[in-house]
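Throughout, residue positions are numbered sequentially from 1 according to the sequence presented.
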Amino acid sequence: MHTPMKKTFFNVWRVGLIGVFLLAILVYLPSLMGASVWDDDDLLTGKATGGGTLAGAFMNPFLGHYFRPLTSASFVVDSSYGDITPFFFHQTNILLHGLTSVLICWLVLSITQKRLAGLLAGVFFALQPVQVGAVAWIGGRTDVLSAFFLAAFLATLVHYYRSTKYVWLIVSAIALLLAALTKEQAMAMLPAVPISVFVFGKGKWQEVFKVCVPFVFTVFGFASLWILYAPEFKTSPFELLHSARLALLTLSEYGIALFVPTRASEMTFTVENFQNTLWVLCGLAILAGVVFTCRILLKNHRPVVWLILCGILVYLPISNFPPVPSFVTAPYRVAETGTCFACVLGIAGAYAISKRKYVLGIALAANLTSGAVVTWWAIHQWLTPHSIFQSVAMTDPRFMVGQGNYSHVLNMESRAIEALPYTDRLLSWLFGTDKWFQVIHNRQEAALTPQVKHRLLSNSGVPDPVLLGWFLGCHASTLTNLKRDDEALEVTKDALMFGPLDPRMNYGYGQMILSTHRSEALRHWEIAMSMSPNYSACAISLAHERLKDGLTSDAIELLEPALGRNPWNCSGWMDLARAKMKIHKYSEALDALDKAEHGIFPNKPQIESLRSQIRSLKNRS
C-alpha cells in the first residue's frame, strides 16, 4: 500500500523566504547602533509627530509640513515601549525592510509563478542602495513604511487575480490607503488598479468597475482625512521647459542610483551636480530606454510592463516635474520605485539563468554586486551625524543643508578652521562672487537676485530666505570659533535680516552678542522661546544664564522639558545637576550627572569634579 508523503513545512520556497528575510536584517544590523541624525531628535521626542499621541499624529502635520499621520503614529507606537532610545526606532525600520523583502518575493512569485524569480527579486531589494536612507536613518521611516504598504498593495492585488477571492482586493485597497497615509505620493499608484485588469484579468470593462469599487473607498477615506487634517498644500513655480529640464536631470540622478549605484549617487541630495547639458541627454536616454523596453515587452510580458508602469507612477510625484517642492533629491525618496525596480531585476535574473543569457546575467550580477558594496558602505555613513554630514558635504558641495550641518559638526569638534571653507565656498557660489559679504551688507534684501532665488530654490523647493539666514548663522558660528568676532557679528545681523521671525536666527544673534550686550541677547532668546516653546537648545542656553542670575527655579523649569526632548546635551544635564544641588536635591543631581556622561561630547573632568562636590554636600547633610 502506497503511503502518501508528508509535506514538510520547510520546503525550498519557505527556506528561501527565511533566507531573504535574514539577509535583509543582517545587512542592516550595524544601523542598530546608529545615533539620531537631522530630524531624529524631534521624531523620537514626539515634537514632530503631534506631541507623542495617536490623536495628535492624525491632527498635526508630520514634521510641520506633511500629511503623513500613519508615519507619525508609528513613532508614537515605538515611543510607547522604546522611550527615546534610537535602538528601538532603528529596529522597527529594519524589521519593516525585512518584511517588505518577503512581500517582494511573494509579489513576483504571484506574477511569474517562478520561485527563483521571486527570491532573486527579494535579494535585489534587500541589497538595493536607494533603500539605505530609508532603513538606516530613523527619519527614513516615511519611505520604508510606505514601501512596505505599497508592496503589500501590489502583492495582494495580483494575488486577487490568482485566487479570485474578493477579500484580497479589499486587503489591497486597505494597503493602498495605509500607504497614502504614510506618504501621500502613494495615491499616484491608483491608475495601476484598472490597468491590472488588462494585464492579469479578462480585460473587460465590467471587471474594471468591479475591481475599482474597493478603491473608491480608499480615495474617499484619504480625501476625507486630507480635508480634515492636512496642512496647507504648497506648490513651487512651474515653467514647462524649466520643469521638464529639471525632471530629466532628476531622472539622470535617480537612474544612476538604481542602474549603476555608486557611493556618490547614494550621498547626492540635489541635482546641482547634474547641471551639464549631457545630463539632460542622459535623462532623455533613460526615458527612451524605458519606453523602448516597455514596447518590446508589451506583447509577451505585460506583467513586467505593468511593474515598470507602477514604478513610474510612484516616481512621478518626486520627479520634479509636478509643481510640488521636492527639489532635494535624496536617494531614499525613490525607495518606493525601488520596490518595482527590484521586481523587474528579479524576473530578468531568473530569465537570464533559465535561458542562459550570459550578457544580461553579467549585467545583473554587476548591479547586485555593486549595490551590495555601496549599501554596506552607505549604512556605515548613516551611523553618526559626523559621518553622514561629511559624506553629503563631500559629495554634494552645493547642498546648503548638508554643508551647514557639516560645518556645525566641525565646530562642535573644535575644527572651525576646517569648517570655514565649506560655508564660504557655498556662499560664493550662491551669490556668484567671493565678495558675497559686501553684496549682502550693501544691498540688504535686494541681494536676493533672481539667480540667488533660483539657487535657493534648488536646495529647498521654494525660494527660502530663512534657509539663507540659517546658513549665514552657521558661517557666523565658525567665525566666532575662529575668534573673528567682529565679522561674526556682522554676518549674524545679516542672518537676522533674512529671518527676523525665525527662532534660530534670534537664538544665533543672542549667542553672538551675549558677552557684550547680555540683556539684549537674553531678549532675543526670549523671543525665540516665545516663537518656539520647544526650542531645546535655546531653552538650555537661557537656563544657563538664569542659573547664573540665581533664578534656580526658572532654570529647572526650562531645563527639565528641554532635556526630555534633547537628552544628549551634556552641558544641560550639568546645569540641571547644579540647580538640583542648590535646592539640596542631591540624588537627583547625581542622576543628572550620570546622564551627562552619556551625552554628546561629555566633559568628564568637570563631571567628576561636580560629582565630588555633590557627594560631599550629600554626606554632610
Does some side-chain heavy atom of [Y] sit less than 4.5 Å from a side-chain heavy atom of [X]?
X	Y	answer
Thr49	Asn60	no
Ile440	Phe431	yes
Glu560	Leu576	yes
Val401	Leu467	yes
Val37	Ile138	no
Val77	Thr92	no
Ile256	Trp279	yes
Tyr507	Trp525	yes

Keeping the roles fixed (side chain from [X], backbone from [Y]), state whether a donor-acceptor pair exists under 3.5 Å.
X	Y	answer
Thr85	Phe88	no
Ser391	Ser387	yes
Thr250	Asn320	no
Ser541	Cys538	no
Gln381	Trp377	yes
Ser530	Ile527	yes
Asn506	Ala528	no
Asn273	Thr395	yes
Gln403	Thr423	no

If you draw a 6.0 Å radius around [atom1] in [X], do more than 12 non-hydrogen atoms from other residues or ligands fall strictly inside?
X	atom1	result
Ile417	CD1	no
Met33	CE	yes
Asn619	CG	yes
Lys595	NZ	no
His408	NE2	no

Ion pair [X]/[Y], N-O distance below 4.0 Å:
X	Y	result
Glu184	Arg68	yes
Arg141	Asp78	yes
Arg546	Glu557	no
Glu520	Arg523	yes

So, for [X] and [Y], which heavy atoms are closest and what is the spacing to 0.1 Å?
X	Y	answer
Gly510	Ala521	O-CB, 3.2 Å
Arg245	Gln275	NH2-O, 2.7 Å
Phe58	Pro69	CD2-CB, 3.5 Å
Thr480	Asp485	O-OD1, 3.8 Å
Ala35	His90	O-NE2, 3.7 Å
Leu559	Ala543	CG-CB, 3.5 Å

Gap separating the [atom1] atom of [X] from the [atom2] atom of [Y], nearest 0.5 angstrom:
X	Y	atom1	atom2	value
Leu43	Ser74	CG	OG	9.0 Å
Asn405	Gln390	CG	CD	13.5 Å
Lys604	Leu593	NZ	CG	13.5 Å
Trp429	Arg398	CH2	CZ	6.0 Å
Leu32	Gln91	CG	CD	7.0 Å
Tyr332	Trp382	OH	CH2	5.5 Å

Margin query: I need the single residue from Tyr422, Phe399, Phe471 that forms a ring pair (Phe, Tyr, Trp, His ring centres under 6.0 Å) with Tyr406. Which is it?
Written below: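 For Tyr406, the ring pair (Phe, Tyr, Trp, His ring centres under 6.0 Å) test succeeds with only one of Tyr422, Phe399, Phe471, which is Tyr422.
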Next item on the list: Indicate whether any N or O donor in one side chain lies under 3.5 Å from an N or O acceptor in the other, for Trp137 and Asp40.
Entry: yes
Margin query: Is it the case that the side chains of Thr478 and Asn411 hold a donor-acceptor pair, with the cut-off being a distance below 3.5 Å and no angle test?
Written below: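 Side chains of Asn411 and Thr478: pair found under 3.5 Å.
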Note to self: Val452 vs Leu430, test: side chain to side chain contact (heavy atoms under 4.5 Å, CB included). Steps then yes/no.
What the structure shows: CA-CA 6 Å; Val452 173; Leu430 187 66; 4.2 Å; yes
Check: Step by step, would you call His475 with Trp436 a ring pair (Phe, Tyr, Trp, His ring centres under 6.0 Å)?
Finding: CA-CA 12 Å; His475 186 73; Trp436 57 266; 5.1 Å; yes
Margin query: Using ring pair (Phe, Tyr, Trp, His ring centres under 6.0 Å), reason through Trp38 and Phe269 one step at a time and then give a plain yes or no.
Written below: CA-CA 14 Å; Trp38 269 324; Phe269 280 45; 5.7 Å; yes
Next item on the list: Among Thr270, Thr329, Thr268, find the residue that satisfies the side chain to side chain donor-acceptor pair (under 3.5 Å) test when tested with Asp396.
Entry: Thr270
Next item on the list: Starting from the C-alpha separation in whole Å, work towards a yes-or-no answer on side chain to side chain contact (heavy atoms under 4.5 Å, CB included) for Lys618 and Ser587.
Entry: CA-CA 8 Å; Lys618 184 179 181 181; Ser587 296; 3.3 Å; yes
Check: Between Tyr586 and His584, what is the ring plane arrangement, given parallel below 30°, perpendicular above 60°, and tilted in between?
Finding: perpendicular
